[in-house]
Amino acid sequence: MFQPVESTILNIALMALCVLVSVIFLGILHNVPPNLRMRVIMVVTFIAGLYYPLEFFIPDGTVLTPLRNRYLTPFLNPIGDAVAVMAAFTVGIGITNLCIVHARNISQRREGWGNSVVFFISMILMFVVTLANHYAPNLFCKATADGMMTPVQAAFSIMFDGVYTALNATVFSLLAFFITSAAYRAFRIRTAEAALLMAGALIVMLGQVPVGMWLTHWIPDESIFRFFRFEVLSEWLLANINMPAQRGILFGVWVGALAMALRIWLSLERGGYFGRQF
Amino acid sequence: MEHAQLIHLLVIGVVSALILYGILSSLRGKELFIRRLAGIDAIEEAVGRATEMGRPILFSVGLGGVEIETFQALAIASYVARLAARYRNRVIIPVIDTVIYTIAEEALREAYAEAGHPEAFRPEDVRFLSGSQFAYASGVIGIMNRERVAANFFFGPFAAESLILAETGQSIGAIQIAGTASILQVPFFIAACDYTIIGEEFYAASAYLSRDPIHLGSVVGQDYSKIALAAFTLAGMIVATLATRWAELNGLLKFLTGGQ
């Protein structure tokens with residue numbers, strides 16, 4: 001929809017104009033009476049929120065779109081980009097917060113302040129190596145053969161694949177131990193409900209593994225007792241007990257989310273950051 | 001990009017109209033009732049216990065970015081912070097999203113100010129940890145252990161890290177309350193937390209806490225919508241069953257009417 005602007009000067013001028021307009025708008029907003037400010041925010045929220053429903057609901061080939069041209073659809077990506085740009089401004093704030101918290105840990109020698117030192121070293125190192133890998137991969141020397149990495153590329157690979165990805169996988173793998181301890185607590189049979197839960201879980205688990213299928217394989221396929229084969233019973237439990245329950249909960253969740261969205265869109269939401277206390 | 005069919009417009013239109021009707025009737029003074037929610041009742045107990053122990057509270061909004069579920073979680077966080085501020089206790093809010101970081105900081109600051117203790121607010125208690133799921137999870141469990149938190153609140157969208165957080169909280173003996181619309185994480189929270197708020201209860205929490213007529217009306221409007229949707233589903237089931245069994249039903253009808 002919008003073609004990229006190639007001129008650097010024009011780009012900088014446009015960015016400066018955007019910042020200037022935003023600063024003026026925020027300045028005016030801060031200096032008007034609270035009631036008027038509230039009304040402006042309400043109107044802006046309503047108009048901004050109106051775009052997506054209109055884009056989704058306006059039908060083709062009616063008086064609203066006589067040429068079968070969805071005139072709102074081409075704006076989807078530019079609006080998404082604008083939202084992403086606005087969100088990007090907050091990344092700096094997040095990183096500043098991170099640095100302040102860790103700098104304070106170090107300056108006050110709080111418990112675990114060594115971790116904060118490691119944080120600063122890792123952050124700076126990753127920042128430098130990532131930039132170097134992107135803009136100057138041949139900084140110290142060029143790759144001598146096909147498939148060989150330069151020192152900068154090797155450093156990036158070690159830090160990203162060797163450290164970051166491995167650490168992510170390590171934390172994820174903790175889940176296996178936590179599932180075991182949580183399952184032990186959940187399946188302790190203390191009440192009738194816990195016993196039912198345990199029985200259901202056992203059937204579903206046995207229905208998923210070969211040994212479970214083997215245990216009931218002697219029940220003939222044509223028999224009326226076929227239902228009691230673990231794999232069939234497990235499938236039945238998942239499709240007829242588990243799934244309807246999940247869908248029932250999801251119904252409530254979706255209706256609740258729609259109600260919350262309506263309250264925000266129409267500026268009816270109250271509490272916390274919405275302007276009035278609980 | 002997908003666009004709406006008539007049925008979408010019809011369903012969303014009817015549900016929205018019923019919710020707005022609930023809100024309007026509540027604003028006109030109609031008495032509305034919400035059943036007790038044990039998990040929400042326990043919030044005050046958890047905050048009180050943390051204060052008695054002289055330890056902070058941790059409130060995680062999970063992997064929430066700018067979405068409805070996170071806004072709901074922040075509304076609850078705001079209430080928890082106001083309670084904690086009354087006792088001059090600390091609430092630590094670790095976040096994964098920088099936009100939510102700015103909103104959470106403002107909500108916490110306002111909560112302490114409204115409780116009459118703006119000096120008790122510590123900006124570093126709202127922490128942006130990382131944009132990565134498991135880095136965030138390890139950051140949160142680090143905070144739990146270092147700060148020795150006495151109460152954990154997990155409200156918002158969660159994924160695989162839910163059990164890592166809840167089991168760590170369980171191991172340090174913290175009282176834990178969770179609420180999420182992420183249906184796959186609910187069993188993990190039930191197994192590891194003291195109280196869990198499921199599904200629509202998560203969205204009813206702010207009405208239960210605030211007793212605000214708009215919130216109460218909205219929850220009652222949701223109930224009207226669910227009744228309408230259930231009736232619609234039932235009608236669909238009957239029509240679908242009749243359609244597949246039409247030949248038999250026709251035969252039965254003929255038999256009953258003497259073969260006419």
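Nothing here was measured: the structure is a model prediction, and the numbers come from that model. Residue numbering restarts at 1 for every chain, and letters A, B, ... go by the order of the sequence lines.
Sequence neighbours left out, the pairs with a member in residues 181-191 of chain B that pass side-chain hydrogen bond (donor to acceptor under 3.5 Å, both in side chains) are S162(B)-Q185(B), T180(B)-S182(B).
Residue L266(A) touches chain B through its side chain alone, counting heavy-atom pairs closer than 4.5 Å. With a threshold of 4.5 angstrom between heavy atoms, L20(B) approaches chain A through side-chain atoms but not through N, CA, C or O. Heavy atoms closer than 4.5 Å to chain A are found nowhere in F202(B), neither backbone nor side chain. Residue contact with chain A, scored on non-hydrogen atoms closer than 4.5 Å, involves the side chain of L229(B) exclusively. Neither the backbone nor the side chain of L18(B) comes within contact range of chain A, judged by heavy atoms closer than 4.5 Å. Within the 4.5 angstrom heavy-atom criterion, atoms from both the backbone and the side chain of L9(B) approach chain A. With a 4.5 Å cut-off on non-hydrogen atoms, S16(B) touches chain A through its backbone and its side chain both. Proximity to chain A (any heavy atom under 4.5 Å) is shown, for P187(B), by neither the backbone nor the side chain. Heavy-atom distances place no part of F177(A) under 4.5 Å from chain B, backbone and side chain included.
The closest side-chain heavy-atom distance from V83(A) to V66(B) is not below 4.5 Å. Annotation: side chain of L174(A) is not in contact with side chain of E167(B) (no heavy-atom distance under 4.5 Å). With contacts defined as side-chain heavy-atom distances shorter than 4.5 Å, the pair V253(A)/I183(B) does not qualify. Counting heavy atoms from C-beta on, the side chains of F89(A) and T98(B) never come closer than 4.5 Å. Residues V126(B) and N97(A) fail the side-chain proximity criterion, which asks for heavy atoms closer than 4.5 Å. You'll find the side chain of E124(B) stays beyond 4.5 Å of the side chain of I100(A), heavy atoms only.
Summarising the local packing, CZ of R247(A) is surrounded by 12 or fewer heavy atoms from other residues, nucleotides or ligands at distances under 6.0 Å. For F127(A), the CZ atom counts as loosely surrounded, since its 6.0 Å shell holds 12 or fewer non-hydrogen atoms of other residues, nucleotides or ligands. Within a 6.0 Å radius of CZ in F172(A), other residues, nucleotides and ligands contribute 12 heavy atoms or fewer. Y21(B) OH: 12 or fewer foreign heavy atoms inside a 6.0 Å radius. Within 6.0 Å of CZ in R148(B) there are 12 or fewer heavy atoms belonging to other residues, nucleotides or ligands. Shown here is R185(A), whose CZ atom has more than 12 heavy atoms of other residues, nucleotides or ligands within 6.0 Å. Atom CD of Q208(A) has more than 12 heavy atoms from other residues, nucleotides or ligands within 6.0 Å. Remark: W254(A) CH2 is loosely packed, at most 12 non-hydrogen atoms of other residues, nucleotides or ligands lying under 6.0 Å away.
Most heavy-atom pairs under 4.5 Å with chain A: of the set S138(B), A204(B), G142(B), S132(B), this distinction falls to S132(B). Comparing E69(B), Q170(B), E105(B) by heavy-atom pairs within less than 4.5 Å of chain A, the highest count is held by Q170(B). Here A160(B) is the residue among G65(B), A111(B), A160(B), A77(B) with the most heavy-atom pairs under 4.5 Å with chain A. Chain B forms the most heavy-atom pairs under 4.5 Å with one residue out of V101(A), N115(A), V171(A), and that residue is V171(A). Of the listed residues (I68(B), V15(B), L184(B)), the greatest number of heavy-atom pairs within a distance under 4.5 Å of chain A belongs to I68(B). Heavy-atom pairs under 4.5 Å with chain B peak, among G252(A), G92(A), A257(A), at A257(A). With chain A as the partner, the residue from I12(B), I164(B), T168(B) showing the most heavy-atom pairs under 4.5 Å is I164(B). The greatest number of non-hydrogen atom pairs below 4.5 Å with chain B, out of I93(A), I95(A), T170(A), is found for I93(A).
Between the CZ atom of F128(B) and the OG1 atom of T96(A) there is a distance of 10.5 Å, given to the nearest 0.5 Å. One finds the CD atom of E200(B) at 11.5 Å from the CZ atom of F251(A) (value rounded to the nearest 0.5 Å). Atoms CD and CE, from E67(B) and M260(A) in turn, are 11.5 Å apart once rounded to the nearest 0.5 Å. Summarising the geometry, atom OH belonging to Y203(B) is positioned 10.0 Å from atom CZ belonging to R263(A); distances are rounded to the nearest 0.5 Å. The structure places CG of L268(A) at 9.0 Å from OG of S218(B), a figure rounded to the nearest 0.5 Å.
Annotation for L163(B) and A182(A): closest pair CD1-CB, 3.8 Å, computed over non-hydrogen atoms. Taking all atoms of both residues into account, the shortest heavy-atom contact from Q222(B) to A259(A) is NE2-CB, 3.4 Å. I179(A) approaches F188(B) most closely through the heavy-atom pair CG1-CE2, 4.3 Å.
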